[in-house]
Protein chains: 2
Amino acid sequence: MAKKASITDIAKQLGLSVSTISRALNGHDDISEATKARVWELAKELNYQPNHLAAALRKGRSNMLGLIVPHINGYFFPSVMDGIEAVASKAGFNVMMCQSNEDVRREKKNIEALLNAQVEGILVSMSRTTHEFQHFEKVQQQGIPLVFFDRMPDLANVNAVILDDYQGAYQAVKHLVEQGCTRIAHFAGPQHMNTTRNRHLGYMDALRAHGLSVDEQLVYWLPNSSHASGEAGMKELLKLPERPDAIFSSYDFPAAGAMMVLHEHNIRVPEDMAVAGFSNEPFTALTQPRLTSVDQRGEQMGESAVQLFLQMRKRTENFPAQRIVLKPKLLIRDSSLQLEVKKK
Amino acid sequence: MAKKASITDIAKQLGLSVSTISRALNGHDDISEATKARVWELAKELNYQPNHLAAALRKGRSNMLGLIVPHINGYFFPSVMDGIEAVASKAGFNVMMCQSNEDVRREKKNIEALLNAQVEGILVSMSRTTHEFQHFEKVQQQGIPLVFFDRMPDLANVNAVILDDYQGAYQAVKHLVEQGCTRIAHFAGPQHMNTTRNRHLGYMDALRAHGLSVDEQLVYWLPNSSHASGEAGMKELLKLPERPDAIFSSYDFPAAGAMMVLHEHNIRVPEDMAVAGFSNEPFTALTQPRLTSVDQRGEQMGESAVQLFLQMRKRTENFPAQRIVLKPKLLIRDSSLQLEVKKK
DNA sequence: CTGAAAGCGCTAACAG
DNA sequence: CTGTTAGCGCTTTCAG
């Protein structure tokens with residue numbers, strides 16, 4: 001196998017200088033069409049492959065964007081990635097993707113790797129175990145634009161694009177109230193994360209706003225977002241002397257798990273208990289009954305995150321931190337619908 | 001913001017040569033502990049970040065591995081990516097991930113981008129629209145190890161790790177036969193892809209091996225792998241004069257779609273019609289009834305793919321193309337179970 | 001329209 | 001144990 005051809009090989013074979021080849025290959029208009037053609041032809045013939053590393057080193061611009069997600073299970077993060085890829089590639093950026101696996105140590109390593117790779121910006125959704133932020137500060141110290149999405153730290157001066165989780169939860173619970181539910185339980189996620197904390201807050205405020213009191217007994221703290229933890233939660237709730245008549249879950253999988261348990265106990269959904277989840281996972285349209293859920297705008301979130309990055313790198317001055325908040329969308333399905341009608 | 005510190009800055013401030021710094025930073029043991037300590041300290045102080053680009057250029061080794069997946073919806077590809085990441089990072093490789101979006105043009109661009117980025121190998125699962133393979137040959141011509149996973153071209157000399165889709169389908173259909181089903185329908189995927197073609201072949205052979213004939217009327221050709229196409233397929237099958245008593249789907253989502261339609265028609269699963277899917281999506285444990293499916297060994301596939309790559313780059317000689325075939329696992333759930341018992 | 005020369009940041013002989 | 005030197009492949013002044 002022949003050694004990989006470089007710009008110098010082309011130059012020699014054509015009796016031209018490397019700079020001419022470079023310019024020809026990059027389509028500069030101060031090169032004659034004739035030479036351009038010759039260069040292109042030989043490049044093809046030699047199977048020439050530009051070395052991005054060398055160009056990036058020289059230009060001081062890698063055209064790479066770093067991305068860190070906690071995991072890629074479920075529908076949400078992949079959809080964000082779709083949005084990111086679309087906008088990034090349109091702007092001429094390649095995306096270097098890492099998973100932190102919900103582990104802050106891994107997240108730190110990801111940051112290191114991306115910084116070493118000379119990415120021009122980093123988009124990150126924090127891991128579940130991230131409680132300190134020095135590794136992020138380091139990024140900013142290097143002058144690398146840093147954009148959080150979905151999961152962000154509780155700090156003032158950070159750029160982020162997030163969902164209005166509070167509103168999403170509020171709307172879902174309001175909907176349940178309007179369907180006639182009065183004892184609405186909640187599957188709550190970790191309260192140190194902005195996302196699930198705000199869902200919990202939205203839940204509580206929606207109850208209060210509609211004259212219902214918040215009953216701590218009706219809140220089950222999910223150990224994780226699996227369907228198994230929803231099953232466990234439902235079993236707990238069924239032990240209560242007075243059973244809830246609805247459940248709002250911070251995630252879809254536990255909601256579906258709860259429905260499994262209800263089915264086993266011959267408790268009808270939504271007649272005996274209404275159920276609503278959060279994320280709008282594709283499978284929510286496939287459960288029996290279909291599951292009401294809140295859409296998280298994943299794709300749009302990804303797009304906005306890249307756009308924010310693109311803005312940041314344009315400004316020479318440190319421009320004020322921006323926070324973009326997307327509106328959630330409640331998708332009402334059979335698991336919570338027309339309770340009044342169905343009840344009788 | 002200070003200009004990013006380089007190895008030269010450290011050298012100057014310490015009155016040492018750059019090579020000493022380089023060696024110290026890389027932990028060579030021909031540098032005194034004393035100087036190592038000084039170097040490390042100043043590096044930390046200056047917020048020094050090694051420039052991987054420069055090192056890679058010089059060493060001719062990028063420590064980057066390219067990955068192309070058709071999409072990251074559903075569970076399968078993310079699980080493969082998990083396996084890839086795990087083994088790759090253990091071997092000191094960073095993964096550069098691209099999506100082809102089931103578009104061969106995009107796939108070609110991805111290949112270009114990865115080649116430009118000087119990846120040391122490429123792992124790829126072909127897009128659905130890939131019918132020609134020059135872009136892959138180009139990779140091999142450059143001497144870059146190329147490993148296909150799951151979806152591979154019909155060529156002899158390619159390295160690949162795939163699932164035994166034929167066996168998976170065969171087992172699923174055999175299971176349905178053993179449950180007493182005699183008119184087993186099939187939701188078939190595209191026949192130009194090894195995966196879904198082999199599932200179709202396994203389906204047919206399992207029927208024949210058990211004395212059942214293959215009825216073309218019972219095969220519905222899925223336009224895609226969405227649940228909607230499964231709903232459409234089920235509706236078609238219900239128009240037949242003689243209704244099937246089981247359905248084996250090439251994907252899980254259409255299988256779930258079919259179950260929705262059956263539920264609407266008050267056709268019981270599995271009593272009136274058994275259902276089995278393919279992929280073992282997490283949601284298959286959450287449908288009503290739970291869906292029988294074939295696990296695709298995603299994680300193991302990813303791990304094997306990286307291991308194969310690592311082998312390939314060790315051999316100086318072109319070693320013979322390897323094909324690793326993983327064994328599928330049939331997960332029997334309620335949607336197909338104990339038909340005989342339940343029927344009466 | 002083209003060439004010469006310098007250098008991005010780092011590593012790796014080769015010398016001491 | 002440390003320094004000198006050359007150069008990875010490319011882009012970009014500065015000169016013609």
Side-chain angles (χ1 to χ4, degrees), chain A residues 2-40 42-43 46-64 92 115-120 142-143, chain B residues 2-40 42-43 46-64 92 112 115-120 142-144:
Chain A
K3 182 82 190 52
K4 282 203 282 187
S6 83
I7 214 180
T8 334
D9 301 320
I10 302 183
K12 277 183 188 147
Q13 293 202 29
L14 252 37
L16 292 168
S17 75
V18 286
S19 39
T20 303
I21 309 302
S22 172
R23 285 183 279 231
L25 254 17
N26 289 296
H28 288 206
D29 44 355
D30 52 358
I31 299 289
S32 76
E33 289 304 322
T35 40
K36 271 186 190 171
R38 289 170 64 206
V39 171
W40 274 98
L42 184 58
L46 293 180
N47 239 308
Y48 169 74
Q49 199 71 37
N51 186 331
H52 187 85
L53 262 45
L57 178 60
R58 175 59 233 247
K59 289 195 285 197
R61 293 205 43 215
S62 67
N63 280 297
M64 293 218 295
L115 250 23
N116 288 351
Q118 309 296 113
V119 297
E120 297 187 44
Q142 310 256 332
Chain B
K3 181 83 191 53
K4 283 204 281 187
S6 84
I7 215 179
T8 333
D9 299 321
I10 303 183
K12 276 182 187 149
Q13 293 203 31
L14 251 38
L16 292 168
S17 75
V18 285
S19 41
T20 303
I21 310 302
S22 171
R23 285 183 281 231
L25 254 17
N26 289 297
H28 287 207
D29 44 354
D30 52 357
I31 299 289
S32 76
E33 288 305 322
T35 41
K36 270 186 191 173
R38 291 172 62 210
V39 171
W40 275 99
L42 184 58
L46 293 180
N47 240 307
Y48 169 73
Q49 199 70 38
N51 186 330
H52 187 85
L53 262 44
L57 177 61
R58 175 58 234 245
K59 287 195 287 199
R61 296 205 42 215
S62 67
N63 280 295
M64 292 218 296
E112 284 300 311
L115 250 24
N116 288 351
Q118 308 297 112
V119 296
E120 297 188 44
Q142 311 256 332
I144 309 289

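Numbered from 1 within each chain, the chains take letters A, B, ... in sequence-line order.
Look at CD1 on B:I7: it is 11 Å from P on C:dG9, rounded to the nearest Å. If you measure from atom NZ of A:K12 to atom P of C:dA4, you get 13 Å, rounded to the nearest angstrom. Residue A:L57 contributes atom CG, which lies 12 Å from atom P of D:dT12 at whole-angstrom precision. Nucleotide C:dC8 holds its P atom 18 Å from the CG atom of A:N51, rounded to whole Å. We find that CG of B:L14 is positioned 15 Å from C1' of D:dG3, with the value rounded to whole Å. The CG-P distance, from A:L53 to C:dC8, rounds to 17 Å in whole Å. When rounded to the nearest whole Å, the span between CZ of A:R61 and C1' of C:dG9 equals 18 Å. What separates CZ of B:R58 from P of D:dA6 is a distance of 13 Å, to the nearest Å.
Within the 4.5 Å cutoff, no side-chain heavy atoms of A:R23 are placed close to those of A:K36. Put simply, the side chain of B:N51 does not reach to within 4.5 Å of the side chain of B:K4, judged on heavy atoms.
In the set D:dT11, D:dC14, D:dG9, D:dG9 carries the atom at the smallest distance from any side-chain atom of A:A54. The side chain of B:S6 lies closest to C:dC10 when the candidates are C:dC1, C:dC10, C:dG3. You'll find that the side chain of A:I31 is closest to C:dT2, out of D:dC10, C:dT2, D:dT2. Residue A:T20 places its side chain closer to C:dT2 than to any other of C:dT2, D:dG9, D:dT2. For A:S17, counting side-chain heavy atoms from C-beta on, the closest listed nucleotide (D:dT11, C:dT11, C:dA4) is C:dA4.
Note on A:S22: a base of the nucleic acid sits closer than 4.0 angstrom, heavy atoms only. Contacts of A:S19 with the nucleic acid, taken as non-hydrogen atoms under 4.0 Å apart, include base atoms.
Mapping A:G15 and B:R23 onto DNA chain C via the closest heavy atom, the residue that lands nearer the 5' end is A:G15. Along DNA chain D, the nucleotide closest to B:K59 and the one closest to B:S32 are compared, and the more 5′ of them pairs with B:S32.
Rounding to the nearest 0.5 Å places CG of A:D9 at 10.5 Å from CD1 of A:I21. If you take CG on A:L115 and CD on A:Q118, they are separated by 7.5 Å, rounding to the nearest 0.5 Å.
A donor-acceptor pair under 3.5 Å links the side-chain atoms of A:H52 to the main chain of A:S62, judged by distance alone.
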